[in-house]
Amino acid sequence: MKKTIEVKNLSVHYYGDIALENVSFSMNEGNIIGVVGPNGAGKSTLMKALLGLVKFDGEVSIFGQRVNELRKNIAYVPQRSTIDWDFPILVEDAVLMGRYMHIPWYKKTAKKDREKAEKALEQVGMESFRKKQIGELSGGQQQRVFIARALAQDADLFFLDEPFVGIDVNSEEIIVNLLKQLREQGKTIFVIHHDLSKVETYFDELLMLNQRLIGAGPVKEIFNPQILKQAYGGNAAVISSDKEMVVVGP
Amino acid sequence: MIGEIQNFIQQLMNYSYLQNALITAVLVGLICGVIGCFIILRGMALMGDAISHAVLPGVVFSYMVGASMFIGAFITGVLTALAIGFISRNSRIKDDSAIGIMFTAMFALGIVVMTSLRGTSVDLMHYLFGNVLAVSFTNFIITLIIGGVVLISVVLFYRPLLLSTFDETMAQAAGLPVKRIHYLFMLLLSLVTVASLQTVGIILVVAMLITPGATAYLLTDRFPVMLGLSAAFGVSSAVIGLFFSVVYDVASGASIVLAASSFFVIAFFFAPKQGYFMKLLRKPAGREKAA
(Lines give C-alpha, C1' and ligand atoms only; values in the text may rest on other atoms or scores of the structure.)
Protein backbone atom coordinates (compact mmCIF):
# COMPACT_ATOMS: atom_id res chain seq x y z
CA MET A 1 0.00 0.00 0.00
CA LYS A 2 1.15 3.52 -0.76
CA LYS A 3 1.99 5.96 1.98
CA THR A 4 -0.36 8.94 2.09
CA ILE A 5 1.20 10.92 4.85
CA GLU A 6 4.67 10.77 6.31
CA VAL A 7 5.60 12.97 9.22
CA LYS A 8 9.09 13.14 10.70
CA ASN A 9 10.02 15.00 13.88
CA LEU A 10 7.21 17.51 13.59
CA SER A 11 7.23 20.25 16.23
CA VAL A 12 5.08 23.36 16.46
CA HIS A 13 5.61 26.27 18.84
CA TYR A 14 3.23 29.15 19.45
CA TYR A 15 5.02 32.16 20.90
CA GLY A 16 7.42 29.96 22.82
CA ASP A 17 4.79 27.51 24.06
CA ILE A 18 5.03 23.99 22.79
CA ALA A 19 1.93 22.82 20.94
CA LEU A 20 3.39 19.68 19.40
CA GLU A 21 6.72 18.07 20.01
CA ASN A 22 8.63 15.58 17.92
CA VAL A 23 5.70 13.82 16.28
CA SER A 24 6.55 11.15 13.72
CA PHE A 25 4.20 8.72 12.00
CA SER A 26 3.18 7.49 8.59
CA MET A 27 -0.24 6.51 7.32
CA ASN A 28 -1.32 4.34 4.41
CA GLU A 29 -3.70 5.27 1.64
CA GLY A 30 -7.35 4.31 1.94
CA ASN A 31 -7.90 4.71 5.63
CA ILE A 32 -10.11 6.64 7.97
CA ILE A 33 -7.70 8.05 10.51
CA GLY A 34 -8.93 9.36 13.83
CA VAL A 35 -6.94 11.97 15.70
CA VAL A 36 -7.81 11.86 19.38
CA GLY A 37 -6.46 13.32 22.57
CA PRO A 38 -7.49 15.62 25.42
CA ASN A 39 -8.16 19.36 25.02
CA GLY A 40 -5.00 21.25 24.18
CA ALA A 41 -3.32 18.07 22.93
CA GLY A 42 -2.51 19.74 19.62
CA LYS A 43 -5.05 17.95 17.41
CA SER A 44 -6.00 21.06 15.42
CA THR A 45 -2.38 22.17 15.38
CA LEU A 46 -1.38 18.85 13.83
CA MET A 47 -4.01 19.28 11.12
CA LYS A 48 -2.90 22.85 10.45
CA ALA A 49 0.71 21.74 10.21
CA LEU A 50 -0.19 18.96 7.77
CA LEU A 51 -2.08 21.53 5.70
CA GLY A 52 0.88 23.90 5.85
CA LEU A 53 -1.11 26.62 7.63
CA VAL A 54 1.24 27.04 10.59
CA LYS A 55 5.01 27.21 10.80
CA PHE A 56 6.62 23.99 11.96
CA ASP A 57 9.94 22.24 12.32
CA GLY A 58 10.38 18.79 10.83
CA GLU A 59 9.20 17.16 7.67
CA VAL A 60 5.72 16.55 6.31
CA SER A 61 5.16 14.83 3.00
CA ILE A 62 1.82 13.97 1.44
CA PHE A 63 1.78 11.48 -1.43
CA GLY A 64 5.54 11.95 -1.38
CA GLN A 65 5.22 15.67 -2.13
CA ARG A 66 5.04 18.90 -0.23
CA VAL A 67 1.58 20.13 0.60
CA ASN A 68 1.83 23.25 -1.57
CA GLU A 69 2.06 21.14 -4.69
CA LEU A 70 -1.21 19.33 -4.16
CA ARG A 71 -3.56 21.72 -2.46
CA LYS A 72 -6.33 21.14 -5.02
CA ASN A 73 -6.20 17.52 -4.01
CA ILE A 74 -6.87 18.20 -0.33
CA ALA A 75 -10.34 18.98 0.94
CA TYR A 76 -10.80 20.67 4.29
CA VAL A 77 -13.97 20.74 6.38
CA PRO A 78 -13.73 23.34 9.15
CA GLN A 79 -15.20 23.13 12.62
CA ARG A 80 -18.78 24.32 12.50
CA SER A 81 -18.17 26.98 15.14
CA THR A 82 -15.71 28.86 12.91
CA ILE A 83 -18.29 29.66 10.23
CA ASP A 84 -20.48 32.79 10.11
CA TRP A 85 -23.87 31.14 9.60
CA ASP A 86 -25.53 34.50 8.86
CA PHE A 87 -23.42 34.83 5.72
CA PRO A 88 -25.66 35.56 2.73
CA ILE A 89 -25.05 32.34 0.87
CA LEU A 90 -27.37 29.55 -0.21
CA VAL A 91 -26.60 25.87 0.31
CA GLU A 92 -25.92 25.28 -3.41
CA ASP A 93 -23.53 28.23 -3.64
CA ALA A 94 -21.62 27.11 -0.55
CA VAL A 95 -21.13 23.67 -2.09
CA LEU A 96 -20.05 25.24 -5.39
CA MET A 97 -17.13 26.82 -3.50
CA GLY A 98 -15.60 23.34 -3.46
CA ARG A 99 -15.05 23.84 -7.19
CA TYR A 100 -13.40 27.27 -6.91
CA MET A 101 -9.82 25.98 -6.85
CA HIS A 102 -10.42 24.12 -10.11
CA ILE A 103 -11.73 27.16 -11.98
CA PRO A 104 -9.12 29.53 -13.41
CA TRP A 105 -9.63 33.03 -12.03
CA TYR A 106 -10.53 34.49 -15.43
CA LYS A 107 -13.30 31.95 -16.14
CA LYS A 108 -16.88 31.72 -14.99
CA THR A 109 -18.22 28.66 -13.18
CA ALA A 110 -19.10 26.07 -15.81
CA LYS A 111 -22.13 23.80 -16.01
CA LYS A 112 -19.86 20.87 -15.16
CA ASP A 113 -18.97 22.51 -11.85
CA ARG A 114 -22.58 23.12 -10.93
CA GLU A 115 -23.42 19.50 -11.77
CA LYS A 116 -20.64 18.26 -9.51
CA ALA A 117 -21.95 20.44 -6.69
CA GLU A 118 -25.46 19.17 -7.30
CA LYS A 119 -24.31 15.55 -7.21
CA ALA A 120 -22.39 16.13 -3.99
CA LEU A 121 -25.54 17.55 -2.40
CA GLU A 122 -27.45 14.43 -3.39
CA GLN A 123 -24.75 12.25 -1.83
CA VAL A 124 -25.31 13.87 1.56
CA GLY A 125 -29.09 13.84 1.11
CA MET A 126 -29.42 17.62 1.12
CA GLU A 127 -30.61 18.28 -2.45
CA SER A 128 -34.03 19.52 -1.34
CA PHE A 129 -32.37 22.24 0.78
CA ARG A 130 -30.33 23.74 -2.04
CA LYS A 131 -32.13 27.10 -2.02
CA LYS A 132 -31.94 27.56 1.76
CA GLN A 133 -29.64 30.04 3.40
CA ILE A 134 -27.03 28.04 5.36
CA GLY A 135 -28.11 29.44 8.75
CA GLU A 136 -31.61 27.99 8.32
CA LEU A 137 -30.30 24.44 8.64
CA SER A 138 -29.80 22.31 11.72
CA GLY A 139 -26.28 21.55 12.91
CA GLY A 140 -26.20 18.14 11.26
CA GLN A 141 -27.50 19.51 7.98
CA GLN A 142 -24.89 22.27 8.03
CA GLN A 143 -22.18 19.67 8.53
CA ARG A 144 -23.52 17.63 5.61
CA VAL A 145 -23.44 20.70 3.37
CA PHE A 146 -19.77 21.26 4.21
CA ILE A 147 -19.03 17.58 3.57
CA ALA A 148 -20.74 18.05 0.19
CA ARG A 149 -18.45 20.99 -0.51
CA ALA A 150 -15.45 18.75 0.17
CA LEU A 151 -16.92 16.01 -2.07
CA ALA A 152 -17.44 18.50 -4.91
CA GLN A 153 -13.74 19.21 -4.81
CA ASP A 154 -12.80 15.71 -6.08
CA ALA A 155 -9.96 15.46 -3.57
CA ASP A 156 -7.98 12.37 -2.59
CA LEU A 157 -7.27 13.49 0.94
CA PHE A 158 -9.87 14.82 3.36
CA PHE A 159 -9.35 16.72 6.59
CA LEU A 160 -12.36 17.01 8.89
CA ASP A 161 -12.17 19.06 12.08
CA GLU A 162 -14.60 17.70 14.71
CA PRO A 163 -17.33 16.80 12.20
CA PHE A 164 -19.53 15.00 14.74
CA VAL A 165 -19.86 17.73 17.34
CA GLY A 166 -23.45 18.78 18.01
CA ILE A 167 -25.13 16.95 15.17
CA ASP A 168 -28.14 14.62 15.04
CA VAL A 169 -27.91 10.82 14.84
CA ASN A 170 -29.25 10.70 11.29
CA SER A 171 -26.65 13.15 9.97
CA GLU A 172 -23.91 11.30 11.83
CA GLU A 173 -24.92 8.03 10.18
CA ILE A 174 -25.02 9.60 6.72
CA ILE A 175 -21.59 11.15 7.21
CA VAL A 176 -20.00 7.98 8.59
CA ASN A 177 -21.36 5.93 5.68
CA LEU A 178 -20.07 8.49 3.22
CA LEU A 179 -16.62 8.44 4.75
CA LYS A 180 -16.60 4.64 4.46
CA GLN A 181 -17.59 4.90 0.79
CA LEU A 182 -14.76 7.35 0.21
CA ARG A 183 -12.36 4.94 1.86
CA GLU A 184 -13.53 2.18 -0.51
CA GLN A 185 -12.61 4.49 -3.38
CA GLY A 186 -9.08 4.69 -1.99
CA LYS A 187 -9.36 8.13 -0.40
CA THR A 188 -7.65 8.94 2.86
CA ILE A 189 -9.67 10.70 5.53
CA PHE A 190 -8.27 12.49 8.56
CA VAL A 191 -10.79 13.18 11.33
CA ILE A 192 -10.21 15.17 14.50
CA HIS A 193 -12.42 13.53 17.04
CA HIS A 194 -13.39 14.46 20.56
CA ASP A 195 -15.58 11.75 21.87
CA LEU A 196 -13.95 8.42 22.67
CA SER A 197 -17.11 6.33 22.62
CA LYS A 198 -17.26 5.49 18.92
CA VAL A 199 -13.61 5.42 18.07
CA GLU A 200 -13.56 1.68 17.41
CA THR A 201 -16.45 1.68 14.95
CA TYR A 202 -15.50 4.83 13.04
CA PHE A 203 -11.77 4.60 12.43
CA ASP A 204 -9.28 2.21 10.90
CA GLU A 205 -6.22 3.94 12.24
CA LEU A 206 -5.73 6.08 15.28
CA LEU A 207 -3.35 8.84 16.26
CA MET A 208 -3.32 9.41 19.98
CA LEU A 209 -1.89 12.77 20.88
CA ASN A 210 -1.01 14.72 23.94
CA GLN A 211 1.52 17.23 22.62
CA ARG A 212 3.69 14.22 21.93
CA LEU A 213 2.56 11.24 19.92
CA ILE A 214 1.29 8.64 22.39
CA GLY A 215 0.43 6.04 19.80
CA ALA A 216 -0.17 5.58 16.09
CA GLY A 217 -1.45 2.58 14.19
CA PRO A 218 -4.49 0.35 13.72
CA VAL A 219 -7.30 1.12 16.16
CA LYS A 220 -7.18 -2.40 17.61
CA GLU A 221 -3.58 -1.91 18.67
CA ILE A 222 -3.79 1.66 19.85
CA PHE A 223 -7.15 1.83 21.56
CA ASN A 224 -6.24 0.12 24.82
CA PRO A 225 -6.25 1.14 28.47
CA GLN A 226 -2.51 1.73 28.80
CA ILE A 227 -2.27 4.13 25.89
CA LEU A 228 -5.50 5.90 26.84
CA LYS A 229 -4.20 6.44 30.34
CA GLN A 230 -0.99 7.86 28.96
CA ALA A 231 -2.89 10.29 26.76
CA TYR A 232 -5.58 11.36 29.16
CA GLY A 233 -3.87 10.93 32.49
CA GLY A 234 -6.48 10.64 35.19
CA ASN A 235 -9.20 12.24 33.07
CA ALA A 236 -10.48 9.11 31.38
CA ALA A 237 -11.71 6.10 33.25
CA VAL A 238 -11.24 2.87 31.37
CA ILE A 239 -13.06 -0.22 32.44
CA SER A 240 -12.02 -3.26 30.49
CA SER A 241 -12.35 -6.99 30.40
CA ASP A 242 -11.14 -9.40 27.71
CA LYS A 243 -14.09 -8.84 25.43
CA GLU A 244 -15.27 -5.37 26.20
CA MET A 245 -13.87 -2.04 27.04
CA VAL A 246 -15.84 0.89 28.35
CA VAL A 247 -14.28 4.30 28.22
CA VAL A 248 -15.64 7.12 30.28
CA GLY A 249 -13.84 10.18 29.05
CA PRO A 250 -14.20 13.81 28.20
CA MET B 1 -42.14 68.40 -5.17
CA ILE B 2 -42.64 67.94 -8.92
CA GLY B 3 -41.67 71.56 -9.44
CA GLU B 4 -38.46 70.99 -7.56
CA ILE B 5 -37.63 67.92 -9.57
CA GLN B 6 -38.16 69.82 -12.81
CA ASN B 7 -36.03 72.60 -11.47
CA PHE B 8 -33.28 70.09 -10.58
CA ILE B 9 -33.34 68.53 -14.04
CA GLN B 10 -33.31 71.98 -15.61
CA GLN B 11 -30.21 72.94 -13.67
CA LEU B 12 -28.62 69.61 -14.41
CA MET B 13 -28.95 70.22 -18.13
CA ASN B 14 -27.61 73.75 -17.94
CA TYR B 15 -24.58 73.37 -15.70
CA SER B 16 -21.78 71.00 -16.54
CA TYR B 17 -20.34 71.23 -13.01
CA LEU B 18 -23.61 69.77 -11.76
CA GLN B 19 -23.43 66.95 -14.30
CA ASN B 20 -19.91 66.15 -13.12
CA ALA B 21 -21.12 66.26 -9.53
CA LEU B 22 -23.95 63.85 -10.29
CA ILE B 23 -21.70 61.40 -12.13
CA THR B 24 -19.10 61.58 -9.35
CA ALA B 25 -21.72 61.00 -6.65
CA VAL B 26 -23.28 58.10 -8.55
CA LEU B 27 -19.90 56.46 -9.07
CA VAL B 28 -18.96 56.93 -5.42
CA GLY B 29 -22.31 55.42 -4.37
CA LEU B 30 -21.65 52.47 -6.66
CA ILE B 31 -18.11 51.60 -5.55
CA CYS B 32 -18.85 52.26 -1.88
CA GLY B 33 -21.84 49.94 -2.14
CA VAL B 34 -19.77 47.16 -3.71
CA ILE B 35 -16.74 47.38 -1.39
CA GLY B 36 -19.10 47.91 1.57
CA CYS B 37 -20.58 44.40 1.21
CA PHE B 38 -17.13 42.87 1.72
CA ILE B 39 -16.40 45.24 4.62
CA ILE B 40 -19.55 44.20 6.47
CA LEU B 41 -19.02 40.48 6.00
CA ARG B 42 -15.31 40.66 6.86
CA GLY B 43 -16.18 42.57 10.04
CA MET B 44 -14.05 45.54 9.02
CA ALA B 45 -16.40 48.47 9.60
CA LEU B 46 -14.02 50.06 12.09
CA MET B 47 -11.17 49.66 9.61
CA GLY B 48 -13.21 51.55 7.01
CA ASP B 49 -13.72 54.38 9.48
CA ALA B 50 -10.01 54.34 10.32
CA ILE B 51 -8.75 54.55 6.77
CA SER B 52 -11.09 57.41 5.94
CA HIS B 53 -10.03 59.49 8.94
CA ALA B 54 -6.38 58.67 8.47
CA VAL B 55 -6.20 60.27 5.02
CA LEU B 56 -6.64 63.78 6.44
CA PRO B 57 -2.94 64.52 7.06
CA GLY B 58 -2.20 63.30 3.53
CA VAL B 59 -4.78 65.68 2.13
CA VAL B 60 -3.42 68.59 4.14
CA PHE B 61 0.22 67.93 3.20
CA SER B 62 -0.73 67.63 -0.48
CA TYR B 63 -2.54 70.94 -0.17
CA MET B 64 0.56 72.55 1.35
CA VAL B 65 2.90 71.43 -1.41
CA GLY B 66 0.31 71.86 -4.14
CA ALA B 67 0.21 68.19 -5.16
CA SER B 68 -2.90 66.22 -5.98
CA MET B 69 -4.72 65.36 -2.77
CA PHE B 70 -5.34 61.85 -4.08
CA ILE B 71 -1.66 60.98 -3.80
CA GLY B 72 -1.23 62.23 -0.24
CA ALA B 73 -4.50 60.70 0.89
CA PHE B 74 -3.64 57.37 -0.66
CA ILE B 75 -0.17 57.27 0.90
CA THR B 76 -1.37 58.07 4.43
CA GLY B 77 -4.29 55.64 4.08
CA VAL B 78 -2.02 52.75 3.14
CA LEU B 79 0.60 53.71 5.76
CA THR B 80 -2.06 53.70 8.46
CA ALA B 81 -3.33 50.28 7.41
CA LEU B 82 0.21 48.91 7.57
CA ALA B 83 0.87 50.55 10.93
CA ILE B 84 -2.29 49.02 12.40
CA GLY B 85 -1.17 45.57 11.26
CA PHE B 86 2.32 46.21 12.65
CA ILE B 87 1.05 47.20 16.10
CA SER B 88 -1.35 44.29 16.50
CA ARG B 89 1.23 41.74 15.29
CA ASN B 90 4.06 43.02 17.46
CA SER B 91 2.35 43.65 20.79
CA ARG B 92 -0.48 42.34 22.88
CA ILE B 93 -2.72 45.20 21.67
CA LYS B 94 -5.71 43.76 19.81
CA ASP B 95 -6.77 44.82 16.34
CA ASP B 96 -9.63 47.14 17.29
CA SER B 97 -7.53 49.04 19.82
CA ALA B 98 -4.69 49.36 17.32
CA ILE B 99 -7.17 50.80 14.82
CA GLY B 100 -8.48 53.27 17.41
CA ILE B 101 -4.98 54.45 18.33
CA MET B 102 -3.74 54.90 14.78
CA PHE B 103 -6.65 56.63 13.13
CA THR B 104 -7.26 59.16 15.87
CA ALA B 105 -3.53 59.96 15.89
CA MET B 106 -3.52 60.52 12.13
CA PHE B 107 -6.71 62.54 12.19
CA ALA B 108 -5.40 64.70 15.03
CA LEU B 109 -2.17 65.27 13.09
CA GLY B 110 -4.23 66.40 10.12
CA ILE B 111 -6.27 68.79 12.24
CA VAL B 112 -3.20 70.29 13.91
CA VAL B 113 -1.43 70.94 10.63
CA MET B 114 -4.63 72.23 9.07
CA THR B 115 -5.29 74.73 11.85
CA SER B 116 -1.70 75.95 11.60
CA LEU B 117 -2.38 77.14 8.06
CA ARG B 118 -4.17 80.48 7.99
CA GLY B 119 -6.85 81.36 5.49
CA THR B 120 -7.00 78.04 3.69
CA SER B 121 -9.39 76.16 5.87
CA VAL B 122 -12.45 76.59 3.63
CA ASP B 123 -11.05 74.34 0.91
CA LEU B 124 -9.91 71.79 3.44
CA MET B 125 -13.34 71.87 5.08
CA HIS B 126 -14.65 70.46 1.82
CA TYR B 127 -12.62 67.35 2.45
CA LEU B 128 -13.84 67.02 6.01
CA PHE B 129 -17.53 67.37 5.27
CA GLY B 130 -17.64 66.82 1.54
CA ASN B 131 -18.88 69.10 -1.19
CA VAL B 132 -19.49 67.27 -4.40
CA LEU B 133 -20.45 70.54 -6.10
CA ALA B 134 -16.88 71.77 -5.68
CA VAL B 135 -15.25 68.82 -7.45
CA SER B 136 -12.70 70.03 -9.99
CA PHE B 137 -12.52 68.55 -13.48
CA THR B 138 -9.18 66.83 -12.78
CA ASN B 139 -10.55 65.25 -9.63
CA PHE B 140 -13.64 64.20 -11.55
CA ILE B 141 -11.47 62.34 -14.07
CA ILE B 142 -9.36 60.74 -11.30
CA THR B 143 -12.53 59.57 -9.56
CA LEU B 144 -13.67 57.95 -12.82
CA ILE B 145 -10.36 56.11 -13.13
CA ILE B 146 -10.40 54.93 -9.50
CA GLY B 147 -13.98 53.74 -9.92
CA GLY B 148 -13.00 51.75 -12.99
CA VAL B 149 -9.99 50.16 -11.28
CA VAL B 150 -12.04 49.18 -8.21
CA LEU B 151 -14.91 47.65 -10.18
CA ILE B 152 -12.63 45.72 -12.52
CA SER B 153 -10.61 44.37 -9.56
CA VAL B 154 -13.75 43.16 -7.80
CA VAL B 155 -14.96 41.42 -10.96
CA LEU B 156 -11.57 39.79 -11.59
CA PHE B 157 -10.99 38.67 -8.01
CA TYR B 158 -14.60 37.97 -7.14
CA ARG B 159 -14.22 34.30 -6.22
CA PRO B 160 -11.00 34.60 -4.17
CA LEU B 161 -12.46 37.61 -2.33
CA LEU B 162 -15.70 35.78 -1.62
CA LEU B 163 -14.10 32.52 -0.50
CA SER B 164 -11.56 34.23 1.77
CA THR B 165 -14.37 36.31 3.27
CA PHE B 166 -16.62 33.32 3.92
CA ASP B 167 -14.14 30.67 5.03
CA GLU B 168 -10.60 31.92 5.42
CA THR B 169 -9.08 28.62 6.60
CA MET B 170 -10.55 26.70 3.68
CA ALA B 171 -9.34 29.40 1.30
CA GLN B 172 -5.87 29.06 2.78
CA ALA B 173 -5.98 25.26 2.67
CA ALA B 174 -7.02 25.47 -0.98
CA GLY B 175 -3.89 27.47 -1.69
CA LEU B 176 -5.34 30.96 -2.04
CA PRO B 177 -2.87 33.68 -1.01
CA VAL B 178 -5.14 34.88 1.80
CA LYS B 179 -2.70 37.53 3.06
CA ARG B 180 -2.23 39.03 -0.38
CA ILE B 181 -5.99 39.05 -0.90
CA HIS B 182 -6.32 40.95 2.38
CA TYR B 183 -3.78 43.55 1.25
CA LEU B 184 -5.46 43.85 -2.14
CA PHE B 185 -8.71 44.48 -0.33
CA MET B 186 -7.13 47.13 1.92
CA LEU B 187 -5.76 48.79 -1.22
CA LEU B 188 -9.22 48.85 -2.81
CA LEU B 189 -10.67 50.22 0.44
CA SER B 190 -8.09 53.03 0.43
CA LEU B 191 -8.87 53.84 -3.20
CA VAL B 192 -12.61 53.96 -2.53
CA THR B 193 -12.08 56.18 0.50
CA VAL B 194 -9.93 58.59 -1.45
CA ALA B 195 -12.45 58.73 -4.28
CA SER B 196 -15.27 59.45 -1.82
CA LEU B 197 -13.53 62.23 0.08
CA GLN B 198 -14.92 65.15 -1.88
CA THR B 199 -18.38 63.70 -2.23
CA VAL B 200 -19.29 62.77 1.32
CA GLY B 201 -16.23 63.95 3.24
CA ILE B 202 -13.75 62.19 5.47
CA ILE B 203 -16.04 62.04 8.48
CA LEU B 204 -18.97 60.48 6.66
CA VAL B 205 -17.25 58.14 4.20
CA VAL B 206 -17.77 55.23 6.55
CA ALA B 207 -21.54 55.71 6.28
CA MET B 208 -21.41 55.14 2.53
CA LEU B 209 -19.21 52.12 3.08
CA ILE B 210 -21.48 50.45 5.60
CA THR B 211 -25.06 51.67 5.37
CA PRO B 212 -25.99 50.61 1.79
CA GLY B 213 -24.35 47.20 2.31
CA ALA B 214 -26.08 46.71 5.66
CA THR B 215 -29.42 47.63 4.10
CA ALA B 216 -28.88 45.07 1.34
CA TYR B 217 -27.76 42.47 3.90
CA LEU B 218 -31.21 42.68 5.53
CA LEU B 219 -32.95 42.02 2.22
CA THR B 220 -31.29 38.97 0.68
CA ASP B 221 -29.65 35.62 1.37
CA ARG B 222 -27.47 35.69 -1.72
CA PHE B 223 -24.19 37.52 -1.95
CA PRO B 224 -24.41 38.55 -5.64
CA VAL B 225 -27.88 40.00 -4.97
CA MET B 226 -26.50 41.80 -1.91
CA LEU B 227 -23.80 43.37 -4.10
CA GLY B 228 -26.38 44.55 -6.62
CA LEU B 229 -28.81 45.91 -4.03
CA SER B 230 -26.04 47.61 -2.09
CA ALA B 231 -24.76 49.32 -5.23
CA ALA B 232 -28.34 50.34 -6.09
CA PHE B 233 -28.85 51.84 -2.60
CA GLY B 234 -25.52 53.65 -2.85
CA VAL B 235 -26.40 55.13 -6.24
CA SER B 236 -29.98 56.10 -5.26
CA SER B 237 -28.73 57.73 -2.07
CA ALA B 238 -26.25 59.74 -4.11
CA VAL B 239 -28.91 60.98 -6.52
CA ILE B 240 -31.52 61.72 -3.83
CA GLY B 241 -28.93 63.39 -1.60
CA LEU B 242 -27.61 65.56 -4.41
CA PHE B 243 -31.16 66.57 -5.31
CA PHE B 244 -31.90 67.79 -1.78
CA SER B 245 -28.52 69.45 -1.60
CA VAL B 246 -29.11 71.46 -4.79
CA VAL B 247 -32.80 72.28 -4.27
CA TYR B 248 -32.70 73.14 -0.57
CA ASP B 249 -29.10 74.34 -0.53
CA VAL B 250 -27.85 71.99 2.21
CA ALA B 251 -24.54 70.11 2.54
CA SER B 252 -24.27 67.46 -0.18
CA GLY B 253 -22.33 64.81 1.73
CA ALA B 254 -24.61 64.83 4.75
CA SER B 255 -27.79 64.69 2.67
CA ILE B 256 -26.44 61.74 0.68
CA VAL B 257 -25.68 59.93 3.93
CA LEU B 258 -29.13 60.74 5.32
CA ALA B 259 -30.74 59.28 2.20
CA ALA B 260 -28.75 56.08 2.72
CA SER B 261 -29.73 56.00 6.41
CA SER B 262 -33.41 56.35 5.46
CA PHE B 263 -33.19 53.28 3.25
CA PHE B 264 -31.63 51.41 6.15
CA VAL B 265 -34.38 52.41 8.59
CA ILE B 266 -37.06 51.24 6.16
CA ALA B 267 -35.29 47.91 5.58
CA PHE B 268 -34.65 47.43 9.30
CA PHE B 269 -38.36 47.62 10.09
CA PHE B 270 -40.01 46.29 6.94
CA ALA B 271 -37.62 43.80 5.32
CA PRO B 272 -39.65 40.73 4.31
CA LYS B 273 -37.54 38.16 6.18
CA GLN B 274 -35.10 39.98 8.46
CA GLY B 275 -37.29 43.02 9.25
CA TYR B 276 -38.11 43.90 12.84
CA PHE B 277 -41.88 43.75 12.32
CA MET B 278 -41.77 40.47 10.43
CA LYS B 279 -39.70 38.94 13.21
CA LEU B 280 -42.25 40.17 15.76
CA LEU B 281 -45.06 38.61 13.73
CA ARG B 282 -43.23 35.32 13.35
CA LYS B 283 -42.26 34.86 16.96
CA PRO B 284 -45.46 33.27 18.32
CA ALA B 285 -45.54 30.87 15.38
CA GLY B 286 -42.69 28.90 16.91
CA ARG B 287 -39.06 28.19 16.36
CA GLU B 288 -38.83 26.71 12.92
CA LYS B 289 -35.09 27.29 12.96
CA ALA B 290 -34.49 24.66 15.60
CA ALA B 291 -35.30 21.68 13.40
Side-chain angles (χ1 to χ4, degrees), chain A residues 15 44 47-48 50-54 67-79 82-94 96-109 129 131-141 146 149-150 153 155 157 159 161 168, chain B residues 37-38 40-44 89-92 152-181 184 213-230 271-274 282 287-291:
Chain A
Y15 306 106
S44 293
M47 194 175 269
K48 281 187 181 152
L50 296 181
L51 286 165
L53 304 183
V54 291
V67 67
N68 277 332
E69 282 141 37
L70 24 87
R71 291 208 174 271
K72 285 181 189 172
N73 214 354
I74 301 172
Y76 170 75
V77 179
Q79 247 182 76
T82 62
I83 297 294
D84 170 13
W85 296 102
D86 285 328
F87 202 92
I89 189 168
L90 303 182
V91 165
E92 58 179 7
D93 295 326
L96 192 59
M97 282 182 168
R99 301 297 307 161
Y100 275 17
M101 59 289 293
H102 296 291
I103 309 168
W105 57 275
Y106 50 88
K107 276 194 184 160
K108 290 179 77 175
T109 48
F129 293 87
K131 295 287 179 197
K132 291 264 183 207
Q133 191 264 337
I134 51 168
E136 294 173 64
L137 310 175
S138 73
Q141 292 169 334
F146 274 70
R149 183 177 73 173
Q153 199 182 324
L157 185 56
F159 285 94
D161 197 349
D168 55 291
Chain B
C37 291
F38 290 100
I40 288 174
L41 295 171
R42 292 171 89 95
M44 287 172 62
R89 267 197 314 277
N90 292 298
S91 71
R92 64 198 297 183
I152 289 170
S153 307
V154 170
V155 170
L156 282 183
F157 299 108
Y158 176 75
R159 280 194 302 261
L161 272 172
L162 179 60
L163 183 55
S164 67
T165 305
F166 177 56
D167 188 349
E168 193 174 0
T169 320
M170 192 251 190
Q172 229 177 329
L176 286 184
V178 174
K179 277 218 181 90
R180 261 183 280 163
I181 293 171
L184 168 80
T215 312
Y217 187 33
L218 294 177
L219 293 171
T220 178
D221 283 336
R222 305 197 61 177
F223 187 70
V225 181
M226 179 176 165
L227 276 181
L229 282 176
S230 177
K273 203 165 149 192
Q274 302 291 336
R282 261 205 316 261
R287 309 179 308 203
E288 73 264 42
K289 236 185 166 178

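Letters A, B, ... mirror the listed sequences (proteins, then strands); counts begin at 1. Note: hydrogens, waters and symmetry copies are ignored here, and every other heavy atom, side chains too, is used.
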side-chain contact (heavy atoms from CB on, under 4.5 Å) between A:I89 and B:R222, intermediate numbers included: CA-CA 5 Å; A:I89 189 168; B:R222 305 197 61 177; over 6 Å; no

Segment of [X] engaging chain B (4.5 angstrom heavy-atom cut-off):
X      : answer
A:I83  : side chain
A:I134 : side chain
A:L51  : side chain
A:T109 : both

Determine, step by step, whether B:Q172 and A:K48 satisfy the side-chain contact (heavy atoms from CB on, under 4.5 Å) criterion, reporting the C-alpha distance in whole Å, the side-chain angles of both residues, the deciding distance to 0.1 Å, and the verdict. CA-CA 10 Å; B:Q172 229 177 329; A:K48 281 187 181 152; over 6 Å; no

In terms of heavy-atom pairs under 4.5 Å with chain B, which of A:M101, A:K72, A:M97 leads?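 The answer is A:M97.
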
Looking only at heavy atoms, what is the nearest atom pair of A:D86 and B:Y217, with distance? O-OH, 3.0 Å

Find the distance between CG (B:D167) and CG (A:D84) and round it off to the nearest 0.5 Å. 10.5 Å

From OH (A:Y76) to OG1 (B:T169), nearest 0.5 Å: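 Answer for the OH-OG1 pair, A:Y76 versus B:T169, is 4.5 Å.
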
Is any side-chain heavy atom of A:F87 closer than 4.5 Å to a side-chain heavy atom of B:T165?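 In short, these two side chains touch, coming nearer than 4.5 Å.
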
Should A:P88 and B:L41 count as side-chain neighbours, where that means a heavy-atom distance under 4.5 Å?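 In contact.
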
Any donor-acceptor N/O pair, B:R159 side chain to A:P104 backbone, under 3.5 Å: yes

Using only atom types and a distance under 3.5 Å, with no angle test, would you say the side chain of A:R71 pairs donor to acceptor with the backbone of B:A173?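 Confirmed, A:R71 side chain pairs with B:A173 backbone.
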
Residues A:K132, B:D221; criterion salt bridge (charged side-chain N to carboxylate O under 4.0 Å, His left out); working and verdict: CA-CA 8 Å; A:K132 291 264 183 207; B:D221 283 336; over 6 Å; no

By a 4.5 Å heavy-atom criterion (distance strictly below it), what part of B:M170 contacts chain A: side chain, backbone, both, or neither?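 Both backbone and side chain.
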
